[in-house]
*Asks:* 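Would you mind keeping the following structure in view while I ask a few things?
Reminder, nothing fancy here: chain letters follow the sequence lines and each chain counts from 1. Keep in mind it's a predicted model, so treat the numbers as computed, not measured.
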2 protein chains.
Amino acid sequence: MAVSEAEAVVMEVLWRAAPRSAEEILAEVGPAQGWQEGTVKSLLNRLLKKKAVKAEKDGRRYLYTPLLSRGKYVSQESKGLLDRLFDGRVAPLVAHFSEQRKLTKKDIAELRKLLKELDDEQA
Amino acid sequence: MAVSEAEAVVMEVLWRAAPRSAEEILAEVGPAQGWQEGTVKSLLNRLLKKKAVKAEKDGRRYLYTPLLSRGKYVSQESKGLLDRLFDGRVAPLVAHFSEQRKLTKKDIAELRKLLKELDDEQA
DNA sequence: GGTTTGAGTTTACGCATGTAAACATGAATT
DNA sequence: AATTCATGTTTACATGCGTAAACTCAAACC
């Protein structure tokens, strides 16, 4: 089963720093998302059920740690999108953004650098 | 409301050629997806409700035409992913794929070409 | 020791989705 | 005219998601 969008918000907190208690997670994410305590608790339980995080006892409470890495999650999500919309490849996506004039100068510079690096390690 | 994944499968058919009848859509998509007639009908109705397609009478039946363009849909979906995972920019996504060794030679060649084109039109 | 409190666990509830059957209605056929 | 057929419309139903309240239970306090 896939990590949902709301669940991913909790994961992001844990990816930034772990292990964390439910309380800490709520403190970091509650205000911005407008979430109550119960919401975070539910999300954590679903993440446990999905094996995306683990919990270890720390006195009366639990500390949560990601089992799913951010890299893996990002790859899954990205691959899903590319497969559905761009025949599974990256270049068509970039082309789409280029056509829409959605590439920033920074993007372009970074892409150039990236390609050069690929060149270098190739050589 | 957003076009869901199953709905997008129907949209893809209409993006390839429109207008089309429900029957034609079923013929094209049913076998591959393992969908019954009722499924396609439901999806078409939801797409109508979402204003993603329109229907015009053609004798006893309707012919469906996209109102949402593929480009717009692709942009929405892509932007969603980039915003959630890559700070809204394209380059980090490409970098991610590069790190994962998921860039094909074809990708790299196309990206090079793309950048060169941007260069040229710039000049 | 009884009570409050903090934390996790269970249950809830409305909405979207995937999937489709049931129903309605007008056209075609006998 | 009655029946069948094609097509669209309505209803259904399980599952997941977003959101959270209710419940439990052990630890802390009075």
*Asks:* Applying side chain to side chain contact (heavy atoms under 4.5 Å, CB included), run through A:Met11 and A:Val9 and close with a yes or a no.
*Replies:* CA-CA 5 Å; A:Met11 292 303 290; A:Val9 171; over 6 Å; no
*Asks:* Test of understanding: with side chain to side chain contact (heavy atoms under 4.5 Å, CB included), list the residues that count as partners of B:Ser98, not counting sequence neighbours.
*Replies:* A:Leu114, A:Leu118, B:Leu103
*Asks:* Step by step, work out the salt bridge (Lys or Arg N to Asp or Glu O under 4.0 Å) result for B:Glu23 and B:Arg60.
*Replies:* CA-CA 12 Å; B:Glu23 197 189 3; B:Arg60 67 172 68 270; over 6 Å; no
*Asks:* Please answer whether the main-chain N or O of A:Val74 pairs with a side-chain N or O of A:Ser78 as donor and acceptor at a distance below 3.5 Å.
*Replies:*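 Yes, because the side chain of A:Ser78 sits within donor-acceptor range (under 3.5 Å) of the backbone of A:Val74.
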*Asks:* Is it true that a side-chain atom of A:Asp119 and a backbone atom of A:Lys116 form a donor plus acceptor pair closer than 3.5 Å?
*Replies:*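 Such a contact is absent between A:Asp119 side chain and A:Lys116 backbone.
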*Asks:* So what does A:Thr39 hit on the nucleic acid, given a heavy-atom distance under 4.0 Å: a base, only sugar-phosphate, or nothing?
*Replies:*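 Base, at least one base atom sits under 4.0 Å.
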*Asks:* Classify A:Ala8 by what it touches in the nucleic acid, base, sugar-phosphate, or nothing, heavy-atom distance under 4.0 Å.
*Replies:* nothing
*Asks:* For A:Glu37, report the nucleic acid contact type (base, sugar-phosphate, nothing); a contact means any heavy atom under 4.0 Å.
*Replies:* nothing
*Asks:* Given axes from five pairs at either end, by how many degrees does the helix from C:dG1-D:dC30 to C:dT30-D:dA1 bend, rounded to 10°?
*Replies:* 30°
*Asks:* Using a heavy-atom distance cut-off of less than 4.0 Å, which residues of residues 75-86 of chain B contact DNA chain D?
*Replies:* none
*Asks:* Using the side chain to side chain contact (heavy atoms under 4.5 Å, CB included) criterion, which residues pair with B:Gln100? Sequence neighbours excluded.
*Replies:*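 Per chain and number, B:Gln100 pairs via side chain to side chain contact (heavy atoms under 4.5 Å, CB included) with A:Ser75, B:His96, B:Lys102.
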*Asks:* For A:Leu26 and C:dG8, what is the distance between atoms CG and C1' respectively, to the nearest whole Å?
*Replies:*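 Distance, rounded to whole Å: 14 Å.
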*Asks:* With A:Tyr73, which residues qualify under ring pair (Phe, Tyr, Trp, His ring centres under 6.0 Å), at least two apart?
*Replies:* A:Trp15
*Asks:* Hey, can you pull the residues of residues 45-65 of chain A with a non-hydrogen atom under 4.0 angstrom from DNA chain D?
*Replies:* A:Arg46, A:Lys50, A:Arg60
*Asks:* So B:Leu14 and B:Arg20, side chain to side chain contact (heavy atoms under 4.5 Å, CB included) or not? Walk me through it.
*Replies:* CA-CA 7 Å; B:Leu14 291 176; B:Arg20 305 267 210 131; 3.7 Å; yes
